Amino acid sequence: MDGNGRWATQRGRPRLFGHHAGARRVREVVQTCPDIGVEYLTIFAFSTENWKRTQVEVAGLMSLFRRYITKEARTLHDFGARVRFIGDRVRLDKKLIDLMDELEVLTAKNTTVNLTIALNYGGRDEVARATKRLAQDVAEGRLDPANVDEETLPKYLDTYVLPDPDLVIRTSGEARISNFLLWQSAYAEYEFIDTLWPDFGREEFTALCANYGVRDRRFGGVKK
Ligand code: FPP
């Protein structure tokens, strides 16, 4: 959800104003999913690198996440969204972790759309944490190194219950991955668009997904 800061700066407002505007766009995008056949949506809310921002911005974002979850829980649940969080929770405050847990439990039986919120998430950090747990299983005799293959590591990733992404959309004109779902995106299609996140909505999301639908995905093979 990139471009909130620039969106605010363009309006002569503080960056957090842009994050609040960005948060308001999430509902529309989530609610578009079932209409266009998107069963799983993952949004990148805060990266493991975002702690480098000013203390004011980080604190403002953490407060926004608490407010967002508190305010949106009922709407997300009534809509039938199943919400999950990925990322490392250790650096997050207890109140926020409790709200995340509660929202996951509240929505656990919902099936309209699967919304995953990446919060304190980094692809490399996720692989490192997964590897640590995998190594523990080897050390304690639960896993034989001879049996480790491509199917093994994903079972240790935060996304172990989720399918790999088909389409990754990056807003705000940046053409890089920035540590998002590194392992999982091996065969994802990418869309890099200029729109700043607070201006992104149903129409553009629908158009990008329609465009994805006509792409020729070969997964390294040849066209049949
Ligand atoms: C990146 O834009 C955006 C963020 C780091 C925050 C995203 C968070 C929200 C939109 C709040 C929604 C919250 C939830 C839990 C759904 P940027 O600040 O890097 O923008 P810039 O590139 O223009 O500076």
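What you see is a predicted model; the values in this text were computed from it and never measured. Counting starts at 1 for both ligands and their atoms, in listed order.
- Given atom 14 (C) of ligand 1, the protein heavy atom at minimum distance is Tyr68 CD2, 3.8 Å.
- Among protein heavy atoms, the minimum distance from atom 10 (C) of ligand 1 is reached at Asn4 ND2, 3.3 Å.
- Of all atoms in ligand 1, numbered sequentially from 1 with element shown, those under 4.0 Å from a heavy atom of Leu61 are 6 (C).
- Of the charged side-chain nitrogens involved, none lies within less than 4.0 Å of a carboxylate oxygen, so that Arg133 and Asp137 do not count as a salt-bridged pair.
- Not one N or O of Trp7 is nearer than 3.5 Å to an N or O of ligand 1, by distance alone.
- For the pair Arg53 and Trp51, the cation does not sit on the ring face, since its NZ or CZ is not both under 6.0 Å from the ring centre and inside 45° of the axis.
- Between Arg215 and Glu189 there is a salt bridge, with a side-chain nitrogen of the basic residue lying less than 4.0 Å from a carboxylate oxygen of the acidic one.
- Side-chain atoms of Val83 and Glu72, non-hydrogen and from C-beta on, never get closer than 4.5 Å to each other.
- The closest protein non-hydrogen atom to atom 20 (O) of ligand 1 is Gly5 N, 3.1 Å.
- If you take CG on Leu99 and CG on Leu92, they are separated by 11.5 Å, rounding to the nearest 0.5 Å.
- Proximity annotation for atom 11 (C) of ligand 1: of Val26, Leu64, Thr9, Leu64 comes nearest, heavy atoms only.
- Grouping the Ile, Leu, Val, Met, Phe, Trp and Tyr side chains by contacts below 4.5 angstrom, directly or via other members, places Val38 with Phe79.
- Between Leu41 and Asn114 there is no side-chain heavy-atom pair separated by less than 4.5 Å.
- Residue-ligand proximity: Phe46 is placed with every non-hydrogen atom at 4.0 Å or more from ligand 1.
- With respect to Arg129 and Glu126, no salt bridge is recorded, no charged nitrogen being found less than 4.0 Å from a carboxylate O.
- Counting protein heavy atoms only, atom 4 (C) of ligand 1 is closest to His19 CE1, 3.7 Å.
- Near Arg53, the atoms of ligand 1 lying under 4.0 angstrom from a non-hydrogen atom of the residue are 5 (C), 17 (P), 18 (O), 19 (O).
- Not a single heavy atom of Glu174 sits less than 4.0 Å from an atom of ligand 1.
- Of all the atoms in ligand 1, the ones that sit under 4.0 Å from a non-hydrogen atom of Ile43 are 16 (C).
- Other residues, nucleotides and ligands place no more than 12 heavy atoms under 6.0 Å from the OH atom of Tyr160.
- Taking a cut-off of under 4.0 Å to the non-hydrogen atoms of Ala45, the atoms of ligand 1 that pass are 4 (C), 5 (C), 6 (C), 7 (C), 8 (C).
- Looking only at heavy atoms of the protein, atom 1 (C) of ligand 1 is closest to Met1 O, 3.3 Å.
- Less than 4.0 angstrom separates some heavy atom of Arg6 from each of these atoms of ligand 1: 21 (P), 22 (O), 23 (O).
- Judged by distance alone, with hydrogens and angles left aside, the side-chain atoms of Arg82 form a donor-acceptor pair with the main-chain N or O of Ala108 at under 3.5 Å.
- Ligand 1 places these atoms under 4.0 Å from at least one heavy atom of Asn50: 5 (C).
- Listed by atom number, the atoms of ligand 1 under 4.0 Å from Ala23 heavy atoms are 10 (C), 11 (C), 12 (C).
- Closest to atom 17 (P) of ligand 1, if we only count protein heavy atoms, is Asp2 OD1, 3.5 Å.
- The aromatic rings of Tyr121 and Phe44 lie perpendicular to each other, with more than 60° between the two planes, well past the 30° mark.
- For ligand 1, the polar-atom distance check against Gly3 finds a nitrogen or oxygen pair separated by under 3.5 Å.
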